[in-house]
*Asks:* 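Handing you this structure, nothing more for now.
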Amino acid sequence: MELTTVTEATRIILENSLDYGTEYVPFTSAYQRVLAEPLVADRDFPPFDRVTMDGIAIQWQSYLNGQRDFRIESTQTAGETQHTLSDPNACIEVMTGAALPINTDLVIRYEDLDIKDGVAHLTATVRKGQNVHYQGEDRRAGAPIVQPYTLLGPPEIAIAAGIGASQVAVRRLPSVVIITSGDELVPVEQTPLPHQIRSSNVHCIASLLKEYRLHVDFVHIPDELSATQRAIEQALTQYEVLILCGGVSQGKKDFIPQALQAEGVEKYFHKVSQQPGKPFWFGRKGNRVVFALPGNPVSSFLCARRYFIPWLRRSLGLRAMDNIYAALSDDYVYNSPLTYFLQVQLFQEGATLMARPLVGHGSGDFANLIDNQGFLEIPQERNEFKKGEILPIWQYHYKV
Ligand SMILES: Nc1nc2c(c(=O)[nH]1)N[C@H]1C(S)=C(S)[C@@H](COP(=O)(O)OP(=O)(O)OC[C@H]3O[C@@H](n4cnc5c(N)ncnc54)[C@H](O)[C@@H]3O)O[C@H]1N2
Ligand code: MOO
Ligand SMILES: [Mg+2]
């Protein structure tokens with residue numbers, strides 16, 4: 001059977017991204033969601049001329065006139081209504097965060113003053129307008145500060161808070177179910193018999209999706225065709241996206257492709273010229289999108305990272321490709337006409353991100369993922385790669 005290339009599979013999947021609309025959420029729940037409407041400054045940023053140092057506020061003109069001793073008229077702290085300087089040669093004590101008093105235009109730090117008997121004596125030179133954060137100099141009222149299709153991180157959440165956007169318009173996330181299949185699988189809470197294993201893949205994938213705040217439901221089906229069909233039929237009515245895991249290869253009980261097609265899901269491709277993840281199946285029924293991932297843990301994780309995340313990002317209006325690039329730390333040979341997703345350790349050499357191959361025991365070895373931070377995409381067109389060659393990385397926990 002003709003294999004679909006990684007490039008072609010990527011194109012087909014991204015073409016089938018879907019718009020799930022907009023919803024409002026409290027800004028405290030908006031972290032890592034994608035903004036749908038701009039966050040607009042409700043007032044100037046900052047909203048008043050803000051004192052930036054503890055000290056005194058004076059008039060620049062009095063300094064130009066040679067005034068060096070300033071009688072203290074009053075003290076203005078942050079949160080107080082604005083004071084007014086009545087004697088142009090005097091001063092008002094001011095605290096960081098206070099509004100600059102009327103009739104003053106600069107602030108002198110306590111460190112540059114000697115204060116005695118209610119008079120502040122200047123001990124340093126000053127600059128016009130110093131130590132004031134002027135109203136509107138960051139952003140003007142009405143300015144869109146955060147644009148739509150931004151992934152909301154800590155600074156964006158601060159802006160939402162700063163403008164009083166208690167509810168934020170974000171891109172709605174699709175409803176997703178992860179369906180596992182396999183008679184050898186038992187739930188995490190259960191002690192497996194010698195021939196059984198705990199279902200782990202799906203929790204790996206579910207955790208990956210949490211980065212986008214995507215919540216998933218879990219369903220497990222036995223390796224039986226009619227039960228598989230019934231589960232798929234029901235999932236198609238209940239969920240917008242189906243992620244299946246396992247049962248897509250050549251085994252006697254690999255019923256997933258057959259069951260999907262029997263339930264009217266159109267196959268867009270089955271089998272990609274890549275390793276791991278070769279038996280990956282992708283299709284669609286109306287507005288339901290189906291990712292049927294190979295069951296081996298490394299394969300399902302790689303396919304989720306390499307195909308599902310870009311699809312999700314594109315559906316949410318983000319740039320689909322979020323991969324980074326790294327340079328091979330050693331020569332590498334891969335003698336197969338497939339694209340290889342090589343597990344690599346990432347490290348920094350000077351300013352360059354380096355990828356060191358670390359080969360485990362194949363796509364069933366999910367313990368090996370612990371020592372790696374990503375998959376280096378080795379293109380299928382060539383077999384020999386030189387040290388220093390720069391290639392795409394599908395990173396999963398590159399943290400320093
Ligand atoms: N004759 C051939 N056999 C296989 C081929 C092939 O081309 N010809 N492809 C191999 C490749 S590559 C992969 S990958 C696997 C894919 O298999 P399936 O998608 O059919 O998955 P299963 O058979 O159901 O399971 C494979 C393996 O993964 C384990 N698994 C499944 N689900 C989970 C889970 N939720 N948590 C943990 N582990 C899971 C399962 O126990 C199996 O060990 O097929 C090769 N065979
Ligand atoms: O290619 Mo399968 O996806 O590893 O073992
Ligand atoms: Mg199988």
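Atoms within a ligand are numbered from 1 in the order they appear, just like the ligands themselves.
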*Asks:* Quick test: of every protein heavy atom, which one is nearest to atom 1 (O) of ligand 2, and how far off is it to 0.1 Å?
*Replies:* Gln275 NE2, 2.8 Å
*Asks:* Considering only NZ, NE, NH1 and NH2 on the basic side and carboxylate oxygens on the acidic side, decide whether Asp69 and Lys116 come within less than 4.0 Å.
*Replies:*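 No.
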*Asks:* Report yes if Gln274 has an N/O atom closer than 3.5 Å to an N/O atom of ligand 2; otherwise report no.
*Replies:*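 Between Gln274 and ligand 2 (N or O atoms, distance only) the closest approach is not under 3.5 Å.
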*Asks:* Which heavy atom of the protein is the closest neighbour of atom 2 (C) of ligand 1, given with residue, atom name and distance?
*Replies:* Gln250 CG, 3.6 Å
*Asks:* Side chain or backbone of Asn201 under 4.0 Å from ligand 1, or both, or neither, by non-hydrogen atoms?
*Replies:*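 The answer is both, backbone and side chain.
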*Asks:* Look only at interatomic distance and state if Gly295 has a nitrogen or oxygen under 3.5 Å from any nitrogen or oxygen of ligand 1.
*Replies:*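 Yes, since at least one N or O of Gly295 sits under 3.5 Å from an N or O of ligand 1.
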*Asks:* Compare Cys245, Ser249, Cys303 and give the one whose heavy atom is closest to atom 16 (C) of ligand 1.
*Replies:*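 Shortest heavy-atom distance from atom 16 (C) of ligand 1: Ser249.
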*Asks:* Any luck finding a side-chain donor-acceptor pair between Glu263 and Gln229 under 3.5 Å?
*Replies:* yes
*Asks:* Checking contacts here: is it the side chain or the backbone of Leu185 that comes within 4.0 Å of ligand 1, counting heavy atoms only? Could be both or neither.
*Replies:*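 Within the 4.0 Å criterion, Leu185 contacts ligand 1 through side-chain atoms alone.
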*Asks:* Which one of Ser199, Pro257, Pro279 has a non-hydrogen atom at the shortest distance from atom 11 (C) of ligand 1?
*Replies:*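 Of the listed residues, Pro279 has the closest heavy atom.
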*Asks:* Restricting to non-hydrogen atoms, name the atom on Pro174 and the atom on Glu240 that form the minimum distance, rounded to 0.1 Å.
*Replies:* CA-OE1, 3.3 Å
*Asks:* Any luck finding a side-chain donor-acceptor pair between Ser315 and Arg171 under 3.5 Å?
*Replies:*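 Side-chain D/A pair, Ser315 to Arg171: absent.
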*Asks:* Need the ligand 2 atom indices (1-based, order shown) with element for anything under 4.0 Å from a heavy-atom of Asn296.
*Replies:* 5 (O)
*Asks:* Angle between ring planes, Phe218 versus His203, binned at 30° and 60°: parallel, tilted or perpendicular?
*Replies:*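 Phe218 vs His203 ring planes: tilted.
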*Asks:* For Ser200, is the nearest heavy atom under 4.0 Å from an atom of ligand 1?
*Replies:* yes
*Asks:* If only side-chain N and O atoms count, and only distance matters, is there a donor-acceptor pair under 3.5 Å linking Glu80 with Thr77?
*Replies:* yes
*Asks:* Short list, please: which atoms of ligand 1 are under 4.0 Å from a heavy atom of Gly246?
*Replies:* 19 (O), 21 (O), 24 (O)
*Asks:* Out of all atoms in ligand 1, which are within 4.0 Å of some heavy atom of Ile197? Include the element for each.
*Replies:* 37 (C), 38 (N), 41 (O)
*Asks:* Please state which protein non-hydrogen atom is closest to atom 2 (Mo) of ligand 2 and give its distance, to 0.1 Å?
*Replies:* Ser299 OG, 3.3 Å
*Asks:* Check each of Phe282, Phe301, Phe280, Phe291 against Tyr307 using the ring pair (Phe, Tyr, Trp, His ring centres under 6.0 Å) test, and report the only one that passes.
*Replies:* Phe280
*Asks:* Distance under 4.0 Å to a non-hydrogen atom of Lys278: what atoms of ligand 2 satisfy this?
*Replies:*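 Going through ligand 2 atom by atom, the ones under 4.0 Å from Lys278 are 1 (O), 3 (O).
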*Asks:* State whether Asp330 and Lys387 are salt-bridged, where the test is any N-O pair (Lys NZ or Arg NE/NH1/NH2 against Asp/Glu carboxylate O) under 4.0 Å.
*Replies:*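 No, no charged N to carboxylate O under 4.0 Å.
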*Asks:* Could you tell me whether the side chains of Ser226 and Glu224 share a donor-acceptor contact shorter than 3.5 Å?
*Replies:*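 Side-chain D/A pair, Ser226 to Glu224: present.
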*Asks:* Do the side chains of Glu23 and Arg33 get close enough for a salt bridge, i.e. N-O under 4.0 angstrom?
*Replies:*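 A salt bridge links Glu23 with Arg33.
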*Asks:* Hey, which atoms in ligand 2 end up nearer than 4.0 Å to a heavy atom of Pro276?
*Replies:*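 In order of numbering, the contacting atoms are 1 (O), 3 (O), 4 (O).
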*Asks:* Considering both backbone and side-chain atoms of Asp254, is one of its nitrogen or oxygen atoms within less than 3.5 Å of a nitrogen or oxygen in ligand 1?
*Replies:*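 N/O-N/O distance under 3.5 Å: yes.
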*Asks:* For ligand 2, which atoms, with element, lie under 4.0 Å from some heavy atom of Ser363?
*Replies:* 2 (Mo), 4 (O), 5 (O)
*Asks:* Which residue holds the protein heavy atom closest to atom 27 (C) of ligand 1, what is that atom called, and what is the gap in Å?
*Replies:*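 The answer is Asn296 OD1, 3.3 Å.
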*Asks:* What atoms in ligand 2 come closer than 4.0 Å to a heavy atom of Pro279?
*Replies:*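 Matching atoms, with element in brackets: 3 (O).
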*Asks:* Between Arg230 and Glu233, is the closest basic N to carboxylate O distance under 4.0 Å?
*Replies:*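 Between Arg230 and Glu233 there is no salt bridge, as every charged N stays at least 4.0 Å from the carboxylate O atoms.
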*Asks:* Look at the aromatic rings of Tyr332 and Tyr340 and report parallel, tilted or perpendicular, splitting at 30° and 60°.
*Replies:* parallel
*Asks:* Between Gln238 and Ser175, do the side chains contain an N or O donor and an N or O acceptor separated by less than 3.5 Å?
*Replies:*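 No pair is found: no donor N or O on one side chain lies under 3.5 Å from an acceptor on the other.
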*Asks:* Quick test of your reading of the structure: of Pro297, Gly362, Gly247, whose heavy atom lies closest to atom 24 (O) of ligand 1?
*Replies:* Gly247
*Asks:* Could you tell me, atom by atom, which parts of ligand 2 come under 4.0 Å of a heavy atom of Gly277?
*Replies:* 1 (O), 2 (Mo), 3 (O), 4 (O)
*Asks:* Is the shortest N/O to N/O distance between Gly277 and ligand 1 below 3.5 Å?
*Replies:* no
*Asks:* Any N/O of Lys278 closer than 3.5 Å to an N/O of ligand 1?
*Replies:* no
*Asks:* Between the side chains of Tyr396 and Glu211, does any donor sit under 3.5 Å from an acceptor?
*Replies:*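 Note: Tyr396 and Glu211 side chains miss the donor-acceptor criterion.
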*Asks:* Would you check if there is a donor-acceptor pair between the side chains of Tyr334 and Gln380 at a distance under 3.5 Å?
*Replies:*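 Per modelled atom types, Gln380 and Tyr334 side chains form no pair under 3.5 Å.
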*Asks:* Taking both backbone and side-chain atoms of Glu184, is any N or O found less than 3.5 Å from an N or O belonging to ligand 1?
*Replies:*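 Yes, since at least one N or O of Glu184 sits under 3.5 Å from an N or O of ligand 1.
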*Asks:* Using a 4.0 Å heavy-atom cut-off, say whether Thr180 meets ligand 1 through its side chain, its backbone, both or neither.
*Replies:* side chain
